[in-house]
S.K.: 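There's a structure below that I have some questions on.
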Amino acid sequence: MTTTNTAENDALKAAVFQRLHPRIYLERFIAENFRPDGRAPDAWRDVNLNVGVCVRSFLQPTEERSISTADGSSLVRLGNTTVVCGVKAEIAEPELDREGEGFLVPNLDLPAMCSPKFKPGPPTEEAQVLSDRLNEVLITSGILPLDSLCIHHGKSVWVLYVDATCINYDGNVFDATLLAMIAALKNTQLPKATYDEETGRTICTRKSKVPLQIARTPIAMSFGVFNSTTLLADPTSFEEPLLDTTVSVILDADSGDLISAIQLGIDTTPSQSLLQTCMAAAAKRRPVLSGRV
């Protein structure tokens, strides 16, 4: 009994110290070449991916129906970070200057239920920034030729709403969300659609469906720099506020080609050695993720 009480008291003291002095707490772990969750600085968390699945156990019943009737869906767990994504296809008129191209509209929601750091209300600045980053990656990578979403030139195109929701936030939501979006798009099948010029209507049949013409598969691997010296792979929600800067390397899952590298934080001028180290680590990680998508 005494041993149990002592262990509980030590755990409580550690939790209080972590909350009051988070930087010192992390520094003491790093000094032993470990992190608070038991990983080495360069170690990644486990990743699990499911596509076209029912997510009733994670969402409210009404939300579950919207996912189960989506044209494509996925659920990704990166450690304790969990993201569910659904793709909904709608028909719209194309833009005047791009009459042969459809639309790809990604969005990430960080609701209050996923973490105490988020409050109910309009989308947070973090969610908007992440949505912009995701949109930039999806468009610049050329994951999907937008002209493949054209039903009838100048008249009718597909709009793909790629909506992701984080249902448990424990850091590195960018990597998890991009993986969920890619998996959901690969899982998406569109009903065969034809445009009737006489009536001016687009007719769809769900008896015949076609998959999307996925051209590339971008995957992200993110790193954080702590105290200007230590590189942490796949940072957690505890580590993220303590980082000097973060670097996200986006590679093509199949070829390994570099698509882009994004750095955010205090030090916004990446050193050549830092980028090379991140790119080398990302190249080692790529086969693990490419086998999942």
Side-chain angles (χ1 to χ4, degrees), residues 51-52 66-67 69-74 76 83-109 123 127-165 174-197 200-206 208-220 248-262 289-290 293:
V51 295
S66 66
I67 294 295
T69 58
D71 296 286
S73 63
S74 68
V76 168
V83 177
V84 63
C85 181
V87 178
K88 287 294 292 181
E90 296 183 1
I91 295 173
E93 294 183 1
E95 293 183 344
L96 293 177
D97 57 342
R98 296 182 178 180
E99 294 185 334
E101 296 183 358
F103 303 91
L104 186 62
V105 186
N107 182 68
L108 171 63
D109 184 25
Q128 294 175 350
V129 170
L130 285 169
S131 293
D132 289 341
R133 289 176 61 192
L134 291 163
N135 180 68
E136 181 180 357
V137 169
L138 292 177
I139 297 302
T140 58
S141 68
I143 175 178
L144 179 67
L146 296 182
D147 56 6
S148 68
L149 299 177
C150 180
I151 300 172
H152 190 90
H153 189 88
K155 298 294 183 180
S156 180
V157 297
W158 286 109
V159 183
L160 299 183
Y161 294 99
V162 190
D163 293 319
T165 300
F174 176 74
D175 289 13
T177 303
L178 181 59
L179 187 62
M181 287 184 169
I182 297 303
L185 286 168
K186 283 195 166 186
N187 179 245
T188 298
Q189 291 191 333
L190 299 179
K192 187 175 181 180
T194 55
Y195 181 79
D196 189 328
E197 294 191 30
R201 293 184 175 182
T202 302
I203 303 172
C204 297
T205 172
R206 293 195 174 271
S208 177
K209 293 187 176 183
V210 292
L212 297 177
Q213 298 177 21
I214 302 297
R216 301 186 77 182
T217 307
I219 51 175
S248 295
V249 178
I250 295 90
L251 302 178
D252 185 287
D254 299 320
S255 66
D257 293 340
L258 176 66
I259 294 175
S260 65
I262 306 170
L289 297 181
S290 63
V293 294

S.K.: Please walk me through it: do Glu136 and Asp132 pass side-chain contact (heavy atoms from CB on, under 4.5 Å)?
M.R.: CA-CA 6 Å; Glu136 181 180 357; Asp132 289 341; over 6 Å; no

S.K.: Any non-hydrogen side-chain atom of Phe103 less than 4.5 Å from a side-chain atom of Leu146?
M.R.: no

S.K.: Out of curiosity, Ser73 OG to Lys88 NZ, how far, rounded to the nearest 0.5 Å?
M.R.: 11.0 Å

S.K.: Measure from the side-chain N and O atoms of Ser74 to the backbone N and O of Ala180, and report whether any donor-acceptor pair falls under 3.5 Å.
M.R.: yes

S.K.: Are any non-hydrogen side-chain atoms of Leu149 and Leu160 less than 4.5 angstrom apart?
M.R.: yes

S.K.: Can you tell me how far OG of Ser260 sits from CG of Leu251, rounded to the nearest 0.5 angstrom?
M.R.: 9.0 Å

S.K.: Could you go through Ile182 and Ile219, starting from their C-alpha distance and side-chain angles, then the distance that decides it, and tell me whether this counts as side-chain contact (heavy atoms from CB on, under 4.5 Å)?
M.R.: CA-CA 8 Å; Ile182 297 303; Ile219 51 175; 5.7 Å; no

S.K.: Would you indicate whether the side-chain heavy atoms of Asp257 and Arg216 approach each other to under 4.5 Å?
M.R.: yes

S.K.: Flag the pair Leu212 / Ser148 as yes when at least one side-chain heavy-atom distance between them is below 4.5 Å, and no otherwise.
M.R.: no

S.K.: Within the structure provided, determine whether Asn107 and Tyr161 are in side-chain contact (heavy-atom separation under 4.5 Å).
M.R.: no

S.K.: Under 3.5 Å, side chain of Ser131 to main-chain N/O of Leu108, donor-acceptor pair present?
M.R.: yes

S.K.: What do you reckon, is CD of Gln128 surrounded by more than 12 foreign heavy atoms closer than 6.0 Å?
M.R.: yes

S.K.: Is there a side-chain contact between Val137 and Pro106 in this structure, where contact means two heavy atoms from C-beta onward sitting under 4.5 Å apart?
M.R.: no

S.K.: Once rounded to the nearest 0.5 Å, what's the spacing between atom CD of Glu93 and atom NZ of Lys155?
M.R.: 8.0 Å

S.K.: Are any non-hydrogen side-chain atoms of Ile250 and Thr140 less than 4.5 angstrom apart?
M.R.: no

S.K.: Is there a donor-acceptor pair under 3.5 Å between the side chain of Asp71 and the backbone N or O of Thr188?
M.R.: no

S.K.: Check the pair Leu134, Thr177 against side-chain contact (heavy atoms from CB on, under 4.5 Å), reporting the backbone distance first and the verdict last.
M.R.: CA-CA 8 Å; Leu134 291 163; Thr177 303; 3.5 Å; yes

S.K.: Without swapping roles, check the side chain of Ser141 against the backbone of Leu138 for a donor-acceptor pair under 3.5 Å.
M.R.: yes

S.K.: Does Glu197 form a side-chain contact (heavy atoms from CB on, under 4.5 Å) with His152? I'd like the steps, not just the answer.
M.R.: CA-CA 9 Å; Glu197 294 191 30; His152 190 90; 3.2 Å; yes

S.K.: Within the 4.5 Å heavy-atom criterion, are Pro218 and Ile143 side-chain neighbours or not?
M.R.: yes

S.K.: Look only at the side chain of Lys186 and the backbone of Val293, and say whether a donor-acceptor pair between them is shorter than 3.5 Å.
M.R.: yes

